[in-house]
Amino acid sequence: MTIACLVLGMAGSGKTTLVQRLASHLSSKDECTYLVNLDPAVTQVPYEPNVDIRDTLNYKDVQVEFQLGPNGAILTALNLFATRIDQLVELLESREEQVDTFVVDTPGQVEVFTWSSSGSIIAESIASSFPTVLLYVVDTPRATKPLTFVSNMIYACSIMYRMQLPLVVVWNKKDLVSTEFAQRWLSDFDTFDEAMQQLEGDYSSNLARSMALAMEEFYRVVSCCSISAVTGEGMDELWSGIQTAANEFATFR
Ligand code: GDP
Ligand code: MG
């Protein structure tokens, strides 16, 4: 069964680094990956993309032609790409026999992909042909405060329900910071609440506390892995998480 992984996450969370790591990890297991870059604005990618949005769309030209700022140009480039998504899906289908996993890298800013109709169209088109898993990459060093933690989780939650695809939260950069706090906060509200106590009196702490309570159902169902895309730590665990999620794909449809 050929599966597709869509790699999403905030700018700088490590999506592109993870795509490269996943490809090298899987190739060491004799698994064949096929890599798609959908970030029109990236200057260098550390992997060899099989399909690259930059081959057909020059985002600087889009910016000039439509008189847009950088974010508008990225979004417009993605919209233009989405109008030809059937061609990408046909191409992927023609590679299905040789390929084990398609890995799709997305634009730096997560909202370009997740809150635009082109992002949904692209995700939906790929998911209509292959079991598809969303990898939501978190910049863990930037999520160690209760409020940034819960904001990230709300974002992941809204993406999962919006796209209706299985999602794995990938706590990245564990070489820089221990990810244990995340596992603790997800599984035990009291430990999160204790961390909140330290912000006592702060309006945002009340907000974060009620949001965390509302998120309990999501915390219960979502799967998580801790990795370092740079060192490769945790990749076996991530790969089995992806396979489990792919097997649950049908229940999301
Ligand atoms: P993207 O914008 O989500 O595609 O993020 P990139 O993959 O371009 O990574 C952004 C920055 O984070 C780069 O400087 C990476 O080298 C760094 N980075 C990514 N993953 C890790 C990691 O696991 N550990 C460390 N220390 N740095 C990382
Ligand atoms: Mg990137």
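We count ligands from 1, going down the list as the structure has it; atoms in each ligand are counted the same way.
Between Gly108 and ligand 1, a contact under 3.5 Å exists for no N or O pair. On a distance-only criterion, Leu18 and ligand 1 share no N/O pair closer than 3.5 Å. For the pair Asp105 and ligand 1, the shortest N or O to N or O distance does not fall below 3.5 Å. At least one N or O atom of Gly12, backbone or side chain, sits closer than 3.5 Å to an N or O atom of ligand 1. In terms of N/O distances under 3.5 Å, ligand 1 is not approached by Lys174.
In this structure, Gln67 places its CD atom where only 12 or fewer heavy-atom neighbours from other residues, nucleotides or ligands lie under 6.0 Å away. For Glu180, the CD atom sits in a loose shell: 12 or fewer heavy atoms of surrounding residues, nucleotides or ligands are nearer than 6.0 Å. In this structure, Glu48 places its CD atom where only 12 or fewer heavy-atom neighbours from other residues, nucleotides or ligands lie under 6.0 Å away.
At a cut-off of 3.5 Å, with distance as the only test, a side-chain donor of Thr16 or Asp105 sits close to an acceptor on the other residue. For the 3.5 Å distance criterion, the side chains of Ser129 and Glu93 qualify, holding a donor opposite an acceptor.
Of the protein's non-hydrogen atoms, Asp175 OD2, 3.5 Å is the one closest to atom 25 (C) of ligand 1. Nearest to atom 5 (O) of ligand 1 among the protein's heavy atoms is Gly14 N, 3.2 Å. Among protein heavy atoms, the minimum distance from atom 8 (O) of ligand 1 is reached at Thr16 CB, 4.2 Å. What sits closest to atom 20 (N) of ligand 1 on the protein, heavy atoms only, is Asn172 ND2, 3.1 Å. Here the protein heavy atom with the shortest distance to atom 23 (O) of ligand 1 is Ala229 N, 2.9 Å. Looking at atom 1 (P) of ligand 1, its nearest protein heavy atom turns out to be Lys15 N, 3.6 Å. Of the protein's non-hydrogen atoms, the one nearest atom 17 (C) of ligand 1 is Lys173 NZ, 4.1 Å.
A centroid separation of 6.0 Å or more is found between the aromatic rings of Trp171 and Tyr136.
Here the side chains of Thr148 and Arg142 are not in contact, with every heavy-atom distance at 4.5 Å or above. In this structure, the side chains of Val138 and Val169 come closer than 4.5 Å at one or more pairs of heavy atoms. Contact annotation: the side chain of Ile242 approaches that of Leu135 to within less than 4.5 Å [non-hydrogen atoms, C-beta and beyond]. The shortest side-chain heavy-atom distance between Leu91 and Tyr34 falls under the 4.5 Å cut-off.
Residue Leu88 is grouped with residue Leu134 when hydrophobic side chains (ILVMFWY) are merged at heavy-atom distances under 4.5 angstrom, including chains of intermediate members.
Among Leu8, Ile227, Val7, Thr17, the residue whose heavy atom lies nearest to atom 9 (O) of ligand 1 is Thr17.
Note that atom 13 (C) of ligand 1 has no protein non-hydrogen atoms nearby, at separations under 4.0 angstrom.
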Please determine whether salt bridge (charged side-chain N to carboxylate O under 4.0 Å, His left out) holds for the pair Lys29 and Asp236, giving the CA-CA distance in whole Å, both sets of side-chain angles, and the decisive distance to 0.1 Å. CA-CA 10 Å; Lys29 294 182 177 304; Asp236 276 323; 3.1 Å; yes
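Applying the ring-ring contact (aromatic ring centres under 6.0 Å, His included) test to pairs two or more places apart or on separate chains, none has a residue in residues 46-80.
With Ser226 as the fixed residue, the side-chain hydrogen bond (donor to acceptor under 3.5 Å, both in side chains) test singles out one of Gln183, Lys174, Glu237: Gln183.
Contacts with ligand 1 closer than 4.0 Å are made by heavy atoms of both the backbone and the side chain of Val230.
Here the protein contributes Thr16 OG1 as N, O or S atoms under 2.8 Å from the Mg ion (ligand 2).
Near Leu176, meaning under 4.0 Å from any of its heavy atoms, are these atoms of ligand 1: 26 (N).
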